[in-house]
**Q** 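Okay, here's the structure, questions in a sec.
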Amino acid sequence: MAAYLLNSSLLAKESALVFILDIFFIWFFRDPERTAQGPEDVILSPADGKVVDIRDNTACIFMNIHNVHVNRAPVSGKIVKMKHKDGGYLPAFFKDSHRNERNLVCIESDYGLVRIVQIAGTVTRRIDTYFNVGDRVVRGERIGMIRFGSRVDITPPNGYTLIVNKGDRVKAAISAIAIRNTTGQNDSGHYAGG
């Protein structure tokens, strides 16, 4: 409006750029409501994204710029350990991103200890965690956020088998990541109605 009144093409371009950036940030920081899917003993994905690696019973989920970046509790339980480590900002899908800034969150569930590692990526400069040691979390509840391209690694407890493969796309609180060895779930990673 001001650009029109002042007849300024530069102001009009700047206004359009600011408007586009506003729309992008509203879209990027979206946080849809979700309800945890499947039986309570199934470990759910803590993040939206693509499984880029599976190593030592750990699934590595890369969150691209178009994914929802809110992380969710894969199980219900008590946070028994948190540890933040400063580091660099290599692309989070690189194997040597172990040098990147990260935050370890350990949740003691009725089924054992679940380890989640939030890893900052190239653009990311902030990992937000919404809880502290001693707090209880509910399966599917928001536990934090990593801004822009980043990664979340999840290691299920002993007695669990990962049911995702490299290249699978997963959604936080919806996609199954691991099942107990005693359960007879299918290995699709998703549940009917979810």
Side-chain angles (χ1 to χ4, degrees), residues 32-64 67-83 85 92-98 100 102-119 127 129-144 146 150-194:
E33 289 298 326
R34 291 191 183 162
T35 303
Q37 302 291 304
E40 278 293 319
D41 64 344
V42 170
I43 308 290
L44 298 178
S45 177
D48 286 16
K50 181 179 179 180
V51 178
V52 292
D53 200 8
I54 294 184
R55 61 179 95 136
D56 302 324
N57 203 36
T58 296
C60 306
I61 303 163
F62 178 69
M63 296 182 292
N64 213 324
N67 294 119
V68 173
H69 278 58
V70 174
N71 302 148
R72 293 177 179 266
V75 290
S76 295
K78 181 179 180 180
I79 296 178
V80 293
K81 181 178 181 180
M82 289 181 68
K83 185 176 181 182
K85 178 188 165 205
F93 52 83
F94 279 13
K95 291 198 179 210
D96 57 355
S97 61
H98 64 275
N100 284 20
R102 63 192 50 239
N103 190 52
L104 167 70
V105 179
C106 295
I107 302 172
E108 186 64 54
S109 74
D110 290 342
Y111 312 102
L113 188 72
V114 177
R115 290 172 43 97
I116 303 161
V117 181
Q118 300 168 295
I119 304 170
I127 299 173
T129 306
Y130 304 156
F131 292 93
N132 296 302
V133 172
D135 291 343
R136 296 197 68 80
V137 292
V138 176
R139 189 167 174 261
E141 185 175 14
R142 297 167 181 90
I143 59 170
I146 315 173
S150 44
R151 197 174 93 198
V152 176
D153 294 354
I154 177 168
T155 307
N158 292 332
Y160 272 77
T161 301
L162 290 171
I163 58 169
V164 290
N165 297 301
K166 188 174 178 178
D168 287 354
R169 298 207 173 266
V170 293
K171 284 193 156 194
I174 294 175
S175 302
I177 290 287
I179 57 172
R180 283 203 296 167
N181 295 338
T182 57
T183 62
Q185 300 293 337
N186 65 44
D187 61 358
S188 67
H190 297 276
Y191 289 88

**Q** Show the numbers, then the answer: is there a side-chain contact (heavy atoms from CB on, under 4.5 Å) between Ile79 and Asn132?
**A** CA-CA 7 Å; Ile79 296 178; Asn132 296 302; over 6 Å; no
**Q** With heavy-atom distances below 4.5 Å as the criterion, would you say the side chains of Gln118 and Thr129 are in contact?
**A**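 Yes; the side chains approach each other to less than 4.5 Å.
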**Q** Taking all atoms of both residues into account, what is the closest heavy-atom pair of Gly167 and Lys50, and its distance?
**A**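 The answer is CA-CE, 3.9 Å.
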**Q** Do Asp41 and Tyr160 have side chains that get closer than 4.5 Å, going by heavy atoms?
**A**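 Sidechains of Tyr160 and Asp41: in contact.
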**Q** By side-chain contact (heavy atoms from CB on, under 4.5 Å), which residues pair with Asn165, not counting sequence neighbours?
**A**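 By the side-chain contact (heavy atoms from CB on, under 4.5 Å) rule, Asn165 matches Asp168.
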**Q** With rounding to the nearest 0.5 Å, note down the distance linking CZ in Arg115 to CD1 in Ile154.
**A**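 So the gap between those two atoms works out to 11.0 Å.
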**Q** If I take atom CE from residue Met82 and atom CZ from residue Phe131, how far apart are they, to the nearest 0.5 angstrom?
**A**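 Reported value, rounded in 0.5 Å steps: 10.0 Å.
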**Q** What are the two closest heavy atoms between Val152 and Pro46, and how far apart are they?
**A**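 Looking at all heavy atoms of both residues, the shortest contact is CG1-CG, 3.6 Å.
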**Q** Can you name the nearest heavy-atom pair linking Arg151 to Met63, along with the distance?
**A**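 Closest approach of Arg151 to Met63: N-CE, 4.3 Å.
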**Q** Give me the atom names and distance for the closest heavy-atom approach of Arg72 to Gly140.
**A**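 So the minimum-distance heavy-atom pair works out to NH1-O, 2.9 Å.
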**Q** Examine distances only and state if a side-chain atom of Asn181 and a backbone atom of Gly159 form a donor-acceptor pair shorter than 3.5 Å.
**A**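 Flag set: sc Asn181 to bb Gly159 pair under 3.5 Å.
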**Q** Work out which heavy atom in Ile163 is nearest to a heavy atom in Ala178; give both atom names and the distance.
**A**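 So the minimum-distance heavy-atom pair works out to CG1-N, 4.1 Å.
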**Q** Is any side-chain N of the basic residue among Arg136 and Glu108 closer than 4.0 Å to the acidic one's carboxylate O?
**A**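 No, no charged N to carboxylate O under 4.0 Å.
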**Q** Could you walk me through whether Ser45 and Ile61 satisfy the side-chain contact (heavy atoms from CB on, under 4.5 Å) test, starting with their C-alpha distance in whole Å, then the side-chain angles of each, then the deciding distance to 0.1 Å, before giving a yes or no?
**A** CA-CA 9 Å; Ser45 177; Ile61 303 163; 3.5 Å; yes
**Q** Scan Ile116, Asp53, Thr58 and name whichever one has a side chain to side chain contact (heavy atoms under 4.5 Å, CB included) with Asp153.
**A**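 When Ile116, Asp53, Thr58 are each tested with Asp153, the side chain to side chain contact (heavy atoms under 4.5 Å, CB included) holds only for Thr58.
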**Q** Looking only at non-hydrogen atoms, find the nearest pair between Lys166 and Val52 and report the distance.
**A**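 Between these two residues, the closest heavy atoms are CE-O, 3.1 Å.
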**Q** Any side-chain heavy atom of Leu44 within less than 4.5 Å of one from Ile174?
**A**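 Counting from C-beta outward, Leu44 and Ile174 never come under 4.5 Å.
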**Q** Report yes if some heavy atom in the side chain of Ile43 is under 4.5 Å from a heavy atom in the side chain of Pro157; otherwise report no.
**A**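 A side-chain contact exists here, since the closest heavy-atom pair is under 4.5 Å.
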**Q** Excluding sequence neighbours, so at least two apart, what forms side-chain hydrogen bond (donor to acceptor under 3.5 Å, both in side chains) with Arg34?
**A**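 side-chain hydrogen bond (donor to acceptor under 3.5 Å, both in side chains) list for Arg34, sorted by chain: Asp48.
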**Q** Give a yes or no answer on whether the side chain of Arg139 reaches the backbone of Val42 with a donor-acceptor pair at less than 3.5 Å.
**A**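 Yes, because the side chain of Arg139 sits within donor-acceptor range (under 3.5 Å) of the backbone of Val42.
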**Q** Can you confirm whether Tyr130 sits close enough to Glu141 that some side-chain heavy atom of one is under 4.5 Å from a side-chain heavy atom of the other?
**A**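 The answer is no, as the side chains (C-beta and beyond) never meet within the 4.5 Å cut-off.
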**Q** Any sub-3.5 Å donor-acceptor pair from Arg102's side-chain atoms to Ile119's backbone N or O?
**A**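 Answer holds: no.
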**Q** May I ask you to test the Ile107-Pro74 pair for a side-chain heavy-atom distance under 4.5 Å?
**A**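 Touching, per the 4.5 Å side-chain cut-off.
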**Q** My understanding is that only residues two or more places apart in sequence, or in another chain, count here; which of them pass side-chain contact (heavy atoms from CB on, under 4.5 Å) with Lys83?
**A**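 Listed in chain order: Leu104.
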**Q** Are a donor atom and an acceptor atom from the side chains of Thr155 and Asn57 found within less than 3.5 Å of each other?
**A**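 There is no such pair between these side chains.
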